[in-house]
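Here is the structure we will look at.
Note that the coordinates shown come from a computational prediction; the quantities given were computed from them, not determined experimentally. For ligands, and for the atoms within them, numbers begin at 1 and follow the listed sequence.
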Amino acid sequence: MTDHRHFNAELAGRLPDRHFIDGAWEKSANGATFETIDPSDEEVLGEVSRGDASDVDAAVRAADRVQRGAWRRLAPAERGRLIAKLADALEADAERFALMETLDVGKPIKESLGDVRGVCATLRYNAGAADKMEGATIPLGFDTIDFTMLEPVGVTAHVVPWNYPLGMVARSVAPALAAGCTAVVKPAEQSPLTALAFAELCRKVGFPDGVVNVVTGYGEEAGAALVSHPLVRGITFTGSIETGRKIYANAAQGLKPAVLELGGKNPMIVFDDADLDRAAFDALDGAFGNSGQVCSSSSRFLVHRSLREAFVEKLATGAAKLTVGRGVDNCDLGPLVSEEQYGKVFSYLDQGRSSDARLRLGGGRPKDLGKGYFVAPTVFDGVDPGSRLAREEIFGPVAVVMDFETPEEALAIANGLGYGLVAGVYSQDISRALSFARDIEAGSVWINGWFIGGVQAPTGGIKDSGIGRERGLPGIRNYLSIKNIGIRL
Ligand code: NAI
Ligand code: MG
């Protein structure tokens, strides 16, 4: 096991603490900074620049200049080559990135390393697609030729959350670059470090200055200034519904397209003919991976009444074996990202304890841990489908189990919320599973597995879970505008 104190000190000497604008490290124009915290011991990890509208303006202008200049003239295959080089450079530097992520947000090193590998895959997919986004010819008639050109929309804004800080940057920046756009990223204030290191790596592998910029700071300051900047022509956001609404209102003022991914309350529906071992095993990862801070987590379990007790037993037994501790010690669950998130999750634990739900495991802090925002894996059984626990996104390691009798009842509960990101169905009856997949209101449906997907498969929500799709070729089309060209012969 790596000695994290050694790494910590080594990293501390060169933690990025400034914005990355136009290929250079820049202090905030007003000199302001804020602290980023290690959530596993609540200690300050470092000072980071607190950007506002003037820093954002500098970044957007730089991105606009190079987009209209050198970046626009670079052949798509050459853009792809640069993105592929970035993947190679990141792979070679994976351990440093993973450690930085772990220190900043608390997640276990093994998860951070997995995230970095996922980012490499994302980069490579988009690198390969850069010269394959083709327009169409349109049959208008004998004396006319009509065709479409796909053009980059221009400067794009990327407002990202803290649960997968690097992963969320790559998910939208890689396709934007593949499409020929330039990017200004506003990382979450809880987790600014890897985005900065990513931008620095872009410079190292040869991206022109200004193609990838990062302005750190708070949402209401840097984030709001970014999405409302007149030179920004496309917005991608992942985070809460509340902030998504603000950003969409902002986008409406500027008549800009926005892709919004706003989380979920994703039902895993386990039928009486399900492979119970598989469902319970997947539920462990689905509910407790990244300490439950995942938009696509299995955040409510709807289990047929005949299997509920056996399912809960398996889930609680498995969850009791999960270790909780500092990310650098590579436990199964790290701390939650922040004091705020810790408080939010505790308010749900309090609500669950004071309700009729049965607490089967956890329900508070692990006893052996002093400082840090740790929450033990928790299982609530017999939860009232009308309660907050069953209806709201908790974003913590809290499994919420309910039961049902008929498929109609399961469907009504599943579709009864505003959310519509992911749903999962466990059944050996393919016809039943596919009927459910058809009728469930969600952007993705997973059958007999959880977290099925990858950079190739589009993801996103319906209803309150958001607008638009990321990943896959649809993820690149977000950053392309169709120009139609007609020629009279
Ligand atoms: P948030 O949605 O407020 O923050 C996400 C990003 O938006 C951050 O970079 C933040 O600085 C920025 N932001 C905030 N206000 C903004 C504004 N007015 N204009 C532009 N940018 C702005 O989410 P927060 O407060 O960190 O977490 C609250 C809850 O949101 C979580 O408990 C969880 O339920 C949900 N969430 C969902 C995520 C997902 O993957 N869908 C990720 C993170 C949080
Ligand atoms: Mg932090």
So which protein heavy atom does [atom] come closest to, and at what separation?
atom                    : value
atom 31 (C) of ligand 1 : Lys344 NZ, 3.5 Å
atom 27 (O) of ligand 1 : Trp162 NE1, 3.9 Å
atom 42 (C) of ligand 1 : Pro161 CB, 3.3 Å
atom 25 (O) of ligand 1 : Glu340 OE2, 4.6 Å
atom 39 (C) of ligand 1 : Cys295 CB, 3.6 Å
atom 3 (O) of ligand 1  : Thr243 OG1, 2.8 Å
atom 9 (O) of ligand 1  : Val160 O, 2.8 Å
atom 12 (C) of ligand 1 : Val159 CG1, 3.6 Å

Looking only at side chains, do [X] and [Y] share a donor and an acceptor under 3.5 Å apart?
X      : Y      : result
Thr33  : Ser49  : no
Thr194 : Glu101 : yes
Tyr373 : Ser40  : no

Closest heavy-atom pair, Gly263 versus Leu421, reported as atoms and distance to 0.1 Å, is O-CB, 3.7 Å

- Which heavy-atom pair separates Gly363 from Thr378 by the least distance, and what is that distance?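 What the structure gives for the nearest pair is N-OG1, 2.8 Å.
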
For the 3.5 Å polar cut-off, considering only N or O atoms, please tell me whether [X] and ligand 1 meet it.
X      : answer
Gly219 : yes
Gly217 : no
Tyr218 : no

So is Lys186 actually on top of Tyr218's ring, under 6.0 Å and inside 45° of the axis?
-> no

Exercise. Would you kindly check if the NZ (Lys) or CZ (Arg) of Arg388 is within the cone defined by 45 degrees around the ring axis of Tyr348 and under 6.0 Å from the six-membered ring centre?
Key: yes

Interfacing atoms of ligand 1 (cut-off 4.0 Å, heavy-atom, [X]):
X      : answer
Ala224 : 19 (N), 20 (C)
Glu393 : 33 (C), 34 (O), 35 (C), 37 (C)
Asn163 : 40 (O), 42 (C)
Glu189 : 8 (C), 10 (C), 11 (O)
Glu261 : 41 (N)

Would you mind finding which of [options] brings a heavy atom closest to [atom]?
atom                    : options                        : result
atom 37 (C) of ligand 1 : Gly263, Gly239, Ala195         : Gly239
atom 28 (C) of ligand 1 : Ser240, Ala225, Gly244, Ser465 : Ser240
atom 20 (C) of ligand 1 : Ser191, Gly223, Ala157, Gly292 : Gly223

Below 4.0 angstrom, N of the basic side chain to O of the carboxylate: do [X] and [Y] qualify?
X      : Y      : result
Arg353 : Asp350 : yes
Glu189 : Arg50  : no
Glu470 : Arg171 : yes
Glu91  : Arg124 : yes

Ignoring hydrogens and angles, tell me if any N or O in the side chain of Asn266 forms a donor-acceptor pair with the backbone of Val422 under 3.5 Å.
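Yes, Asn266 side chain to Val422 backbone: donor-acceptor pair under 3.5 Å.
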
- May I ask you to decide if Thr182's main-chain N or O and Thr156's side chain share a donor-acceptor pair within less than 3.5 Å? yes

Does the plane of the ring in Phe346 sit parallel, tilted or perpendicular to the ring in Tyr342? Use 30° and 60° as the thresholds. tilted

Within the structure, is a non-hydrogen atom of [X] found at a distance of less than 4.0 Å from ligand 1?
X      : result
Pro187 : yes
Phe237 : yes
Thr238 : yes

Any heavy atom of Glu242 under 4.0 Å from ligand 1? The part involved is neither

